Amino acid sequence: MQNAAAAASLADCPTRLAVEIISDKWAVLVLFGLSRKPRRHGELVDLIGGVSRKVLTQTLRRLQRYGLVDRRAEAPRRVEYGLTDLGRTLIGPIEVLTDWAKEYGGDVADFQEAAEAAASARARPAG
């Protein structure tokens, strides 16, 4: 009976929303890129690197729907994106994740390499 209650509470866990928001490959980078000041679309493309204009637009729209990013059109061709007050609340947690990645990212990479080597060794025919 307790397991069913635990499963129900996990289904309603507020962490799911946070993970849904930040699990997008580009969302955290966009939020962090806007953490210092509002930026134009092209500035974000250059700052983030590796993201296409289309994917950045999709990411910005998604973050707008969550109320985390605001789109400001100052002139027809002058649009800037900035964090809302709600969006700024995620910068602290993003910085904590960044610190974790700096400290333990090498350990994760080492583990992945060891796991790949072990899998390759198992896949090779004995002989």
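Below, all heavy atoms of this structure are taken into account, side chains as well, without hydrogens, waters or symmetry copies. Here the structure is a predicted model, which is why all the values come from computation and not from measurement. Here, residue 1 is the first one in the sequence, and each next residue gets the next number.
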### Task
Find the distance between NE2 (H41) and OG1 (T57) and round it off to the nearest 0.5 Å.
3.0 Å

### Message
My understanding is that only residues two or more places apart in sequence, or in another chain, count here; which of them pass side chain to side chain contact (heavy atoms under 4.5 Å, CB included) with T89?
### Response
L86

### Task
Quick one: list whatever passes side chain to side chain contact (heavy atoms under 4.5 Å, CB included) with P38, sequence neighbours left out.
R72, E80

#### Entry: Over all atoms of both residues, closest heavy-atom pair of R77 and R40
O-NH2, 2.9 Å

### Task
Could you state whether L17 and L63 fall into the same hydrophobic cluster, counting links through intermediate Ile, Leu, Val, Met, Phe, Trp or Tyr residues with side-chain heavy atoms under 4.5 angstrom apart?
yes

### Message
As an exercise, state the distance from CD of E95 to OG of S35, rounded to the nearest 0.5 Å.
### Response
7.0 Å

### Task
For the residue pair R71 and V79, establish whether any side-chain heavy-atom pair is separated by less than 4.5 Å.
yes

### Query
With sequence neighbours left out, what residues match Y104 under ring pair (Phe, Tyr, Trp, His ring centres under 6.0 Å)?
W100

### Query
Where the side chain of E116 meets the backbone of E113, is there a donor-acceptor pair that is under 3.5 Å apart?
no

### Task
Mark yes when over 12 heavy atoms from residues, nucleotides or ligands other than R61 sit less than 6.0 Å from its CZ; otherwise mark no.
no

#### Entry: F32 CZ to L90 CG distance, which is reported to the nearest 0.5 Å
12.5 Å

#### Entry: Check: T84 side chain, L68 main-chain N or O, donor-acceptor pair, under 3.5 Å
yes

### V69 side chain near T59 side chain, heavy-atom distance below 4.5 Å
no

### Message
Using the rule given for side chain to side chain contact (heavy atoms under 4.5 Å, CB included), can you reason through I48 versus V30, listing the C-alpha separation, both sets of side-chain angles and the distance that settles it, and then say yes or no?
### Response
CA-CA 7 Å; I48 294 169; V30 169; 3.6 Å; yes

### Task
Please round to the nearest 0.5 Å and tell me the distance separating atom CG of L47 and atom CZ of R36.
10.5 Å

### Task
May I have the step-by-step check of side chain to side chain contact (heavy atoms under 4.5 Å, CB included) for L97 and I22, ending in yes or no?
CA-CA 11 Å; L97 286 172; I22 66 170; 4.1 Å; yes

### Task
Establish whether I21 and L60 are linked, either directly or via other cluster members, by ILVMFWY side-chain heavy-atom contacts under 4.5 Å.
yes

### Message
In the structure I gave you, are the side-chain heavy atoms of W26 and L56 within less than 4.5 Å of one another anywhere?
### Response
no

### Task
Kindly say whether G33 contributes a backbone atom to a donor-acceptor pair with the side chain of R39 at under 3.5 angstrom?
yes

#### Entry: Atom of V45, atom of V51 and distance for their closest heavy-atom approach
CG1-O, 4.0 Å

### Task
Would you mind reporting whether L34 and L44 have side-chain heavy atoms less than 4.5 Å apart?
yes

### Query
Under 3.5 Å, is there a donor-acceptor pair between the side chain of R78 and the main chain of A73?
no

### Query
Would you say the side chains of Y66 and E20 form a donor-acceptor pair under 3.5 Å?
yes

### Message
Give me the atom names and distance for the closest heavy-atom approach of L31 to I91.
### Response
O-CD1, 3.6 Å

